[in-house]
Protein chains: 2
Amino acid sequence: MTASRIHRLGDLQLHIMQVLWDRGEATVGDVHAALPGTRALAYTTMATMLRKMEARGLVKHRLEGRSFVYRAAVAADVVSRGMADHLVDRLFEGSLADMVNHLLKTREVSREELVRLERLIAERKQRL
Amino acid sequence: MTASRIHRLGDLQLHIMQVLWDRGEATVGDVHAALPGTRALAYTTMATMLRKMEARGLVKHRLEGRSFVYRAAVAADVVSRGMADHLVDRLFEGSLADMVNHLLKTREVSREELVRLERLIAERKQRL
DNA sequence: GTGGTAACACTACCCAGGTAATTGAAACGA
DNA sequence: TCGTTTCAATTACCTGGGTAGTGTTACCAC
């Protein structure tokens with residue numbers, strides 16, 4: 001449950017979270033360096049973002065020397081779940097099948113992916 | 001393709017779109033009346049929102065008497081697709097299977113839904 | 001015609017995400 | 001010791017979603 005679902009996360013914030021989930025810990029500089037070169041953002045932008053995110057409870061930091069070392073304060077799957085659920089609820093009235101149906105209709109899907117899906121569903125049925 | 005994906009839509013805007021998709025056309029008053037009573041919003045809020053949405057190209061209006069009759073300017077599935085794709089890309093690097101896997105792990109899913117999913121995937125495999 | 005009401009128009013907020021310059025302090029290097 | 005770099009802190013600004021008050025007009029009922 002983890003107190004008040006997270007379902008809104010901007011692109012930048014999500015990228016930052018992904019870096020943190022990936023590395024466990026990272027300084028502002030690390031995060032800045034780790035981000036996709038496609039859009040070169042200022043170092044200060046990262047710093048500001050991280051502070052805002054800490055205020056919101058998404059990350060925490062500790063001091064090491066005079067650097068802030070950040071880490072995620074929420075687990076990746078809690079966030080994924082919050083966001084995915086929110087979308088399923090908003091768009092498909094909570095029906096996973098409707099969502100998948102829609103995705104299958106509108107996206108390219110490889111045979112491998114379909115096979116994987118079949119297997120996932122079969123497994124899930126066992127576990128019912 | 002409909003020019004530039006729509007992947008950001010706030011809750012209110014999405015609700016409004018759903019009303020329009022549902023009815024085809026609706027006046028501000030209709031939309032206002034149709035919205036979930038849970039949060040009673042002012043009539044003017046709807047009017048403002050609809051004007052903003054028109055500026056963004058989400059809806060159009062025509063004049064009938066002195067009322068604006070709004071209709072959606074983008075199709076429901078284009079929007080669903082934009083939003084769903086965006087999420088799949090952001091959270092699961094574009095892998096539908098990863099997304100479904102995640103959802104299957106973290107959500108309650110009924111046997112019926114699993115069966116429906118199986119069928120959907122089987123059908124999709126045919127059509128490959 | 002006059003007054004109420006139903007419509008849009010305009011304007012103003014708030015908030016959060018995103019972006020960054022500026023400032024100030026600490027550390028480091030010569 | 002003095003300049004340069006490296007950090008964090010502060011501040012500011014833009015955008016878009018959301019919310020609504022106020023203003024204005026047009027129309028309908030008396």
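What you see is a predicted model, and the numbers here were worked out from it, not measured in a lab. Every chain is numbered from 1, with letters handed out A, B, ... down the list of sequences.
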Engineer: Write down the distance between CE (A:Met49) and C1' (D:dA9), rounded to a whole number of angstrom.
Structural biologist: 16 Å
Engineer: Quick check: any donor-acceptor pair below 3.5 Å linking the side-chain of A:Lys52 to the base of C:dG18?
Structural biologist: yes
Engineer: Would A:Val69 end up clustered with A:Tyr43 when hydrophobic side chains under 4.5 Å apart are linked, directly or stepwise?
Structural biologist: no
Engineer: Taking 4.0 Å as the cut-off, does a side-chain nitrogen or oxygen of B:Thr45 come that near to OP1 or OP2 on D:dA20?
Structural biologist: yes
Engineer: Is there a side-chain contact between B:Thr44 and the phosphate of D:dG21, meaning an N or O under 4.0 Å from OP1 or OP2?
Structural biologist: no
Engineer: Using whole Å, report how far NE2 of B:His15 lies from P of D:dG17.
Structural biologist: 15 Å
Engineer: Atom CG of A:Leu12 to atom C1' of C:dA20: distance rounded to whole Å?
Structural biologist: 12 Å
Engineer: Regarding C:dA20, can its base be found pairing with the side chain of A:Thr48 as donor and acceptor, where the two atoms are less than 3.5 Å apart?
Structural biologist: yes
Engineer: Which of these passes side-chain contact (heavy atoms from CB on, under 4.5 Å) with B:Tyr70: B:Leu58, B:Val31, B:Val28?
Structural biologist: B:Val28
Engineer: Could you tell me whether B:Ala47 contacts a base, only the sugar-phosphate backbone, or nothing, with contacts defined as non-hydrogen atoms closer than 4.0 Å?
Structural biologist: nothing
Engineer: Write down the distance between CZ (A:Arg62) and C1' (D:dA8), rounded to a whole number of angstrom.
Structural biologist: 16 Å
Engineer: Which whole-number value in Å describes the distance from B:His86 NE2 to C:dG17 P?
Structural biologist: 14 Å
Engineer: Given the structure, check if the side chain of B:Arg66 and the base of C:dA6 hold any donor-acceptor pair shorter than 3.5 Å.
Structural biologist: yes
Engineer: Can you sort out the partners of B:Asp30 under salt bridge (Lys or Arg N to Asp or Glu O under 4.0 Å), two or more places apart, ordered by chain and number?
Structural biologist: none
Engineer: Atom CD1 of A:Ile6 and atom C1' of C:dA16: how far apart are they, to the nearest Å?
Structural biologist: 15 Å
Engineer: Any side-chain N or O of A:Tyr43 less than 4.0 Å from the OP1 or OP2 oxygen of C:dT19?
Structural biologist: no
Engineer: How long is the line joining CG of B:Leu9 and C1' of D:dG18, in whole Å?
Structural biologist: 13 Å
Engineer: Could you state the atom-to-atom distance from CG of A:Leu41 to P of C:dA21 in whole Å?
Structural biologist: 11 Å
Engineer: Please determine whether a side-chain nitrogen or oxygen atom of B:Arg8 lies at a distance below 4.0 Å from atom OP1 or OP2 of C:dG17.
Structural biologist: no
Engineer: Identify which one of A:Leu120, A:Asp85, A:Val100 satisfies the side-chain contact (heavy atoms from CB on, under 4.5 Å) criterion when paired with B:Leu103.
Structural biologist: A:Asp85
Engineer: Of all the choices, C:dG17, C:dA9, D:dT11, which nucleotide is nearest to the side chain of A:Arg51 once you look at every atom?
Structural biologist: D:dT11
Engineer: How far does CD of A:Gln13 sit from CZ of A:Arg8, to the nearest 0.5 angstrom?
Structural biologist: 12.5 Å
